[in-house]
Amino acid sequence: MTQQTYKADAIKVLRGLEGVRKRPAMYIGDVGKRGLHHLVFELVDNGIDEALAGYATQVSVTIHEDGSVTVRDNGRGIPVDTHPELGVSGVEVVMTTLHAGGKFDSKTYQISGGLHGVGASVVCALSKRLVVTVRREGHIYRQEFAQGVKVTELEVIGDTEETGTEIRFWPDPEIFQVLEFDYALLRDRLRELAFLVSDLHIEITDERTGAHEVFHYEGGLVEFVKYLDEGRTPIHDPFYFKTRSDSVEIEIALEYHTGYVETLLSFANTIHTHEGGTHLTGFKTALTRAINDYGKSYNLLKKPVQGEDVREGLTAVIHVKLPSPQFEGQTKTKLGNGYIKGLVDSLFYERFYRFLEDNPSVAQAIVEKAAMAAQGREAARRARELTRRKSFLESDSLPGKLADCIAREADHAELFLVEGESAGGSAKQGRNREFQAILPLKGKILNVEKARLEKALANEEIRTIITAIGAGMGEDCDPSKARYGKIIIMTDADVDGAHIRTLLLTLFYRLMKPLVEQGFLYIAQPPLYRVQKGKKEWYLYSDEELEALKKEIGTDGIRIQRYKGLGEMNPEQLWETTMDPERRILKRVTIEDAAEAERLFSILMGDKVEPRRQFIEENAKNVVNLDV
Ligand code: 0RA
């Protein structure tokens, strides 16, 4: 890395900060939970920039008890000398003007793209208080701001041999609807960043709870792939390559496992491209061609296989770094730079084809797996046509077990998926049949993580669920066709219930993901206790609530009933506590972090027992770490 000396005069000033407080959503997406956490990632990105430029090796995040967060890096430190035109320090320029930064040339990668990279100044504008501490040129400097305006001058507060930038901020309650930081959300993204930038040490500390984790993965993407596949059985050592062509860097790791699920994660300049884009397209095209070419050359394939066939049981991470990334798509997470497709295609093809030639037994296993997948796909297509033919369009083909509701508009209609025939019976009697439909489920449904599509579709219980909902499945899944606006999973509050809930979540996540993404899926919260004292009664949903109530009303003469299952409630009780929209508690299932959700399902539902046991032990409380 060339030793460029940017000083304050290299900082280009583009715009003032007024607009940020007026329209925060334009800069950070929203002013809810997501936007709040975006502030932290904005600062972390600056540290990552310093690391990618070769200057920082550490980034740390600390959540403080007073609701503030500190982000620190050991890079060069924000310049402290006076800007020649503006007459203020570099620190002040960076913190109070939009798009300031010494990195607007494309010699170093800027992380910026889409919502990202708008810089520390946005965080400053949206904080009721912010303190910057810079270690540089032998001194420790400090300056304080409030709502984007400086409240102290830059001053020297000590001496040091270290360098780096430390920013502590207190999010402004006038701006944000949510002020509480979520440790797990920050941690998951920081871990992901540590996989993506392998030389970096990333630390997170939560002073509210004492939690502390350090992430550093020398193996980078190879370790990322292994991490994602922790619950699965790989069939070879990961393939890995990294290459550079002009100013573009391409890095890919992949492995095939014994399962059927496809897990592809793509990134551009460390940003998760949820919607894919040109890098992913190039990768997929090359993979399909390489396997077909190899299979044909070595007489391993009778006829060509398709893209989805070569991705069955594949886990891959693709990371490209390029100057000026273009982000498109609904959520601005689709890489648009057209030339990247051809570049990834040709460079990856060459290296992957060579990998196949160098590892003939692995290559044979991969080609055979793809051929099997092609057969499975044919069988699944036939099965799907069957499901489609007896689809919801012919209303008498709705599953016999379904007690449908009267309402026809999805907006008003709800479907309860209920564990067990007896609870199903209570739910049918207790429901409001105007808008509530009930589908009782017999015990445990098939685990779709371990079964191929054709087997999943051959399963009566799964077909029933898909047909009842009517939105289709797989690539055909279309939430606008769903017959219900809310699909509510209602299981017992015990271990079996949690297992069935996870099986159902896996089914939706794997076969009807758009329904999850678009917020159709909910989890009902049946009460854990019923408490009676005299003529009064209470339904309680947690042990904490029970303790609180005992404190309030005392323990004399109270009767506590613990519900072990939905079946112990009569229809009226079930309605009052769990189904009545006026009184029930529903948790909406969202996918906060796709990579973590992928891994979670592979651990919970994959074929390895040990990681699952360990995971459940560590996370005994929140059985599924989807943000429900
Ligand atoms: C402008 C110029 C230089 C560094 C930075 C900004 C910088 C900003 C942040 C924000 C968080 N951490 C940061 N680290 C560095 C270059 C300074 C030089 O040439 O020494």
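Between Arg354 and Glu357, none of the side-chain N atoms (NZ, or NE/NH1/NH2) sits under 4.0 Å from a carboxylate O, so this pair counts as no salt bridge. Using a 4.0 Å cut-off between charged side-chain N and carboxylate O, Arg377 and Asp309 make a salt bridge. Comment: Lys481 engages Asp478 in a salt bridge, judged by a side-chain N to carboxylate O separation of less than 4.0 angstrom.
Take Glu409 and apply the side-chain contact (heavy atoms from CB on, under 4.5 Å) test, not counting sequence neighbours, and it matches Ala407, His412. Not counting sequence neighbours, Lys242 has no partner by the side-chain hydrogen bond (donor to acceptor under 3.5 Å, both in side chains) test. Residues passing the side-chain contact (heavy atoms from CB on, under 4.5 Å) test with Ala253, sequence neighbours excluded: Leu221, Val222, Val225, Tyr240.
Aromatic pair Tyr541/Tyr563: centroids not less than 6.0 angstrom apart. Checked against a 6.0 Å centroid threshold, the rings of Tyr529 and Tyr539 do not count as neighbours.
Going from atom CD1 of Ile488 over to atom CG of Leu417 covers 9.0 Å, rounded to the nearest 0.5 Å. For the atom pair NE2 (His499) and CD1 (Ile445), the distance works out to 9.5 Å, reported to the nearest 0.5 Å. With rounding to the nearest 0.5 Å, the separation of NE2 in His279 from CD in Glu251 is 12.5 Å. For the atom pair CD1 of Ile489 and CG of Leu507, the computed distance is 8.5 Å after rounding to the nearest 0.5 Å. Atoms CH2 and OG, from Trp575 and Ser426 in turn, are 14.5 Å apart once rounded to the nearest 0.5 Å. A distance of 10.5 Å separates NE2 of His236 from OG of Ser361, quoted to the nearest 0.5 Å.
In this structure, Asp580 contributes its side chain and Glu582 its backbone to a donor-acceptor pair below 3.5 Å. Using a distance-only test at 3.5 Å, with no hydrogens or angles considered, a donor-acceptor pair links the side chain of Tyr256 to the main chain of Val310. Looking at Thr273, its side chain does come within 3.5 Å of a backbone N or O of Ser266 through a donor-acceptor pair. Here the side chain of Arg232 pairs no donor or acceptor atom with the backbone of His257 at under 3.5 angstrom. No side-chain donor-acceptor contact under 3.5 Å links Arg483 to the backbone of Gly470.
A heavy-atom distance below 4.5 Å is not found between the side chains of Val516 and Met512. Counting heavy atoms from C-beta on, the side chains of Ile465 and Phe508 come closer than 4.5 Å. By the 4.5 Å heavy-atom criterion applied to side chains, Leu265 and Ile318 are not counted as neighbours. Leu574 is not listed as a side-chain neighbour of Asn570, based on a closest heavy-atom distance of 4.5 Å or more. In this structure, the side chains of Asp293 and Tyr353 come closer than 4.5 Å at one or more pairs of heavy atoms. By the 4.5 Å heavy-atom criterion applied to side chains, Val448 and Tyr509 are not counted as neighbours. Two residues are said to be in side-chain contact when any heavy atoms from C-beta on lie closer than 4.5 Å; Glu419 and Leu441 fail this criterion. In this structure, Arg433 and Lys428 have side chains that are not in contact, with every pair of non-hydrogen atoms separated by 4.5 Å or more.
Closest non-hydrogen pair, Pro234 versus Lys608, comes out as CD-NZ, 4.3 Å. Of all heavy-atom pairs between Thr578 and Phe416, the closest is O-CE2, 4.4 Å. Considering all non-hydrogen atoms of both residues, Pro238 and Lys226 come closest at CG-CE, 3.9 Å. Minimum interatomic distance between Leu528 and Ser542 (heavy atoms only, all atoms of both residues): CD1-CA, 4.0 Å. Closest non-hydrogen pair, Ala482 versus Ala410, comes out as O-CB, 3.4 Å. Nearest heavy-atom pair, Pro581 versus Gln436, reported as atom, atom and distance to 0.1 Å: CD-NE2, 4.4 Å.
Below 30°, between 30° and 60°, or above 60°: for Phe224 and Phe195 the angle between ring planes is below 30°, a parallel geometry. By the 30° and 60° cut-offs, the orientation of the rings of Phe348 relative to Phe352 is parallel.
Side-chain contact annotation: Asp229 with Thr315, donor-acceptor N/O pair under 3.5 Å present. Between the side chains of Arg289 and Tyr349, no donor N or O sits under 3.5 Å from an acceptor N or O. Side chain to side chain, Thr333 and Glu275 meet the donor-acceptor criterion of an N or O pair below 3.5 Å.
Counted within 6.0 Å of NZ on Lys369, heavy atoms from surrounding residues, nucleotides or ligands total more than 12; the atom is thus considered enclosed. Around CD of Gln330, the count of heavy atoms belonging to other residues, nucleotides or ligands within 6.0 Å does not exceed 12.
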Before giving the answer on side chain to side chain contact (heavy atoms under 4.5 Å, CB included), spell out for His319 and Thr270 the whole-Å C-alpha distance, their side-chain angles and the decisive distance to 0.1 Å. CA-CA 7 Å; His319 187 192; Thr270 75; 3.9 Å; yes

Arg584/Glu414 under salt bridge (charged side-chain N to carboxylate O under 4.0 Å, His left out): CA gap, chis, key distance, verdict: CA-CA 14 Å; Arg584 71 187 178 193; Glu414 305 180 339; 2.7 Å; yes

Apply the test salt bridge (charged side-chain N to carboxylate O under 4.0 Å, His left out) to residues Arg562 and Glu568: give CA-CA distance (whole Å), side-chain angles for both, the deciding distance (0.1 Å), then the verdict. CA-CA 9 Å; Arg562 190 190 158 97; Glu568 291 178 19; over 6 Å; no

Passes side chain to side chain contact (heavy atoms under 4.5 Å, CB included), Thr278 versus Val344? Steps please. CA-CA 9 Å; Thr278 50; Val344 174; over 6 Å; no

Show your reasoning for whether side chain to side chain contact (heavy atoms under 4.5 Å, CB included) applies to Phe267 and Val320. CA-CA 6 Å; Phe267 299 85; Val320 296; over 6 Å; no

Any chance you could lay out the salt bridge (charged side-chain N to carboxylate O under 4.0 Å, His left out) test for Lys564 and Asp492, step after step, and finish with the verdict? CA-CA 7 Å; Lys564 286 188 211 72; Asp492 290 343; over 6 Å; no

Check step by step if side chain to side chain contact (heavy atoms under 4.5 Å, CB included) holds for Met579 and Ile438. CA-CA 11 Å; Met579 298 177 73; Ile438 309 294; 3.7 Å; yes

Take Arg599 and Glu230 through the salt bridge (charged side-chain N to carboxylate O under 4.0 Å, His left out) test and state the conclusion after the steps. CA-CA 7 Å; Arg599 188 181 111 84; Glu230 194 181 321; 2.6 Å; yes

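Under a cutoff of 6.0 Å and an axis angle of 45°, Lys486 and Tyr522 form a cation-pi pair.
Screening Leu398, Thr464, Ile469, Asp404 against Leu439 for a side chain to side chain contact (heavy atoms under 4.5 Å, CB included) leaves a single residue, Thr464. Partner Arg311 forms a side chain to side chain contact (heavy atoms under 4.5 Å, CB included) with one of Ile291, Leu287, Val261, Thr263 and no other, that one being Leu287.
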